[in-house]
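By convention in this document, chain letters (A, B, ...) are assigned in the order of the sequence lines, proteins followed by strands, and residues within each chain are numbered from 1. The basis for the numbers below is simple: all heavy atoms, side chains too, and nothing from hydrogens, waters or symmetry mates.
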Number of protein chains: 2
Amino acid sequence: MKYSYQYPHPSVTVDCVVFTVQNNFLKLMLIQRGAEPFIGEWALPGGFVRIDESIESAASRELKEETGIENIYLEQLYTFGKVDRDPRERVISVAYYALVSSEEQIIAADTDAASAKWFPVDELPRLAFDHKYIIETAYRRLQGKLSYQPIGFELLPPKFALSQLQSLYEIILNKKLDKRNFRKKIQKTGLLADTNETQKGVSHRAAKLYTFNKEKYDILAKNGYYFEI
Amino acid sequence: MKYSYQYPHPSVTVDCVVFTVQNNFLKLMLIQRGAEPFIGEWALPGGFVRIDESIESAASRELKEETGIENIYLEQLYTFGKVDRDPRERVISVAYYALVSSEEQIIAADTDAASAKWFPVDELPRLAFDHKYIIETAYRRLQGKLSYQPIGFELLPPKFALSQLQSLYEIILNKKLDKRNFRKKIQKTGLLADTNETQKGVSHRAAKLYTFNKEKYDILAKNGYYFEI
DNA sequence: ATTGCATAGTGTTTATTTTACACTAAGTTA
DNA sequence: TAACTTAGTGTAAAATAAACACTATGCAAT
């Protein structure tokens with residue numbers, strides 16, 4: 001007990017809600033707790049913010065330590081601070097959400113497979129702490145954000161077909177979209193760059209592959225541009 | 001030094017960015033610091049989160065203590081956690097933003113007038129900590145949110161004229177709007193309820209006064225409705 | 001009482017955006 | 001070569017947004 005203060009201090013943690021799309025399902029990463037409280041139950045990857053690291057660094061670090069995922073789009077979601085959200089002591093948690101592409105998922109396998117797992121968002125197990133509530137908040141935010149910021153690209157491999165992108169939108173927004181209208185709208189943004197490649201190994205007509213023109217988006221975003229689907 | 005921990009704990013504070021519209025200016029409330037660090041400099045109202053109160057309660061409490069403002073729309077903005085943002089020790093700050101109507105401003109006068117003051121957003125003094133950055137974040141959020149959520153009503157007295165509402169939008173979004181189109185759009189939402197009153201004490205034709213139908217908005221919002229200007 | 005002044009209040013036309021909708025093209029497999 | 005699967009494409013109708021200017025009302029000054 002080396003650290004003393006005149007007034008009680010809360011602990012500050014981070015929790016990460018990491019989404020991906022796999023086999024036409026929106027999934028998120030959970031880990032099985034190896035310590036009390038809630039030992040054995042599923043929870044969001046996360047942990048304590050160290051005294052000498054920023055909150056965001058803590059989120060990246062914990063995510064990497066617990067799931068092997070790194071170098072991803074990570075955005076602050078909300079800070080949860082109900083007095084009794086942790087049974088041990090006062091804990092304030094800054095939640096982040098993140099998107100990883102189905103390709104990067106494979107990297108995640110280098111962690112202990114027993115303790116980190118992808119769950120479809122509507123087949124979640126019982127969750128520790130208030131993590132169910134945090135996930136609901138993140139899911140709502142993801143749906144909202146998807147419609148006006150091109151974060152959907154983060155969930156796809158660098159080169160993707162338009163049908164993959166559409167399918168991703170349909171999965172997250174949970175509704176069918178019109179193929180022609182979707183394509184028109186996406187093309188009109190000018191954010192897609194044509195690679196001159198096509199899909200490989202598919203048993204039907206191969207689709208053209210595109211990449212997301214992030215440089216162009218950054219320029220547009222700076223001048224108050226809003227992407228809208 | 002009665003509170004000891006095995007690991008160092010950060011302090012957690014709240015900071016409030018309180019906006020109002022006064023004389024056709026968007027203003028925000030600052031207080032003059034009476035203690036180190038940054039003594040004498042201007043800063044956002046705020047303070048430490050107590051161990052037995054939620055973050056949001058802390059924000060409300062601090063705001064009331066330091067400015068006299070209470071019972072207002074208060075929304076979490078962002079959590080700022082750079083390691084060196086406070087020269088004394090590690091402090092993580094959860095920022096909130098709030099809107100008060102020009103009527104409620106008068107209540108704020110019951111605080112020490114020397115230490116709490118409204119500043120136009122583009123005539124801010126030098127600010128303590130990273131509060132300039134927090135304010136920029138809040139201002140951007142306010143502009144964004146105003147366009148798709150009817151928070152503008154919070155900045156007006158309960159009964160208001162359409163021209164007041166339009167003026168408020170023009171001030172915050174910093175651009176002129178077309179009177180007829182604005183009125184059409186606002187009316188079409190069905191969120192305005194006609195009081196059968198008119199302005200008093202104006203030296204020209206008196207405008208009809210409206211109230212904001214919050215019940216109706218809440219119902220619409222629940223079903224995924226988005227207000228848009 | 002009349003005039004001037006300031007703000008309130010009101011519709012229509014045009015341009016733009018969104019929606020609805022169905023067939024042909026290309027590649028793979030049996 | 002026929003059958004299957006997904007890729008890729010355009011147009012018309014409807015809805016929404018944008019541009020635009022005058023009359024109405026109430027008060028104040030003379």
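Considering only side-chain atoms of A:Lys185, the nucleotide from C:dT18, D:dA19, D:dG8 that sits closest is C:dT18. For A:Asn181, the side-chain atoms get nearest to C:dA20 when compared with the rest of C:dA8, C:dA20, D:dC20.
Listed by chain and number, the residues in a side-chain hydrogen bond (donor to acceptor under 3.5 Å, both in side chains) with B:Thr13 are B:Ser93 (sequence neighbours excluded). A search for side-chain hydrogen bond (donor to acceptor under 3.5 Å, both in side chains) contacts involving B:Lys145 returns B:Glu75, not counting sequence neighbours. With sequence neighbours left out, A:Gln166 forms a side-chain hydrogen bond (donor to acceptor under 3.5 Å, both in side chains) with A:Glu170. With sequence neighbours excluded, the residues that form a ring pair (Phe, Tyr, Trp, His ring centres under 6.0 Å) with A:Phe38 are A:Phe129. Judged as a side-chain contact (heavy atoms from CB on, under 4.5 Å), and not counting sequence neighbours, the contacts of A:Arg140 are A:Glu136, A:Thr137. Residues meeting the side-chain hydrogen bond (donor to acceptor under 3.5 Å, both in side chains) test with B:Ser57, sequence neighbours left out: B:Ser54. Under the side-chain contact (heavy atoms from CB on, under 4.5 Å) criterion, B:Lys175 pairs with B:Leu173, B:Leu177, not counting sequence neighbours.
Checking A:Asn213, A:Leu162, A:Thr211 one by one against A:Leu192, the side-chain contact (heavy atoms from CB on, under 4.5 Å) holds for a single residue, A:Leu162.
In this structure, CZ of A:Phe182 is placed 16 Å from C1' of D:dT9, rounded to the nearest angstrom. Put simply, CG on A:Asp178 is 11 Å from C1' on C:dT18, counting in whole angstrom units. The interatomic distance linking A:Leu165 (CG) with D:dA7 (C1') rounds to 15 Å, in whole Å. If you take CZ of A:Arg183 and C1' of C:dA25, they are 13 Å apart, rounded to a whole angstrom. Atom CD in B:Glu228 sits about 11 Å away from atom P in D:dT16, given to the nearest Å. Separating the CD1 atom of B:Ile229 from the P atom of D:dA18 is a distance of 11 Å, rounded to the nearest angstrom. For the pair B:Tyr210 OH and C:dA8 C1', the interatomic distance rounds to 10 Å; values are reported in whole Å.
The pair B:Lys82-B:Asp130 fails the salt-bridge criterion, with no side-chain N (NZ, NE, NH1 or NH2) lying under 4.0 Å from an Asp/Glu carboxylate O.
Contacts between residues 186-200 of chain B and DNA chain C, defined by a heavy-atom separation under 4.0 Å, are absent. Across residues 167-177 of chain A, not one residue has a non-hydrogen atom less than 4.0 Å from an atom of DNA chain D.
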Given protein heavy atoms under 4.0 Å, the one-letter contact record of nucleotides 21-30 of chain D, with B base, S sugar-phosphate only and - none, is simply B--BBBSS--

Side-chain donor-acceptor pairs of residues 120-128 of chain A under 3.5 Å, sequence neighbours excluded:
residue  : atom : partner : partner atom : Å
A:Arg126 : NH2  : A:Glu41 : OE2          : 3.4

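Residue A:Lys184 is classed as a base contact, given a heavy-atom separation below 4.0 Å to a base.
Sorted by first and then second residue, the ring pair (Phe, Tyr, Trp, His ring centres under 6.0 Å) pairs with a member in residues 185-221 of chain B read B:Phe153-B:Phe212; sequence neighbours excluded.
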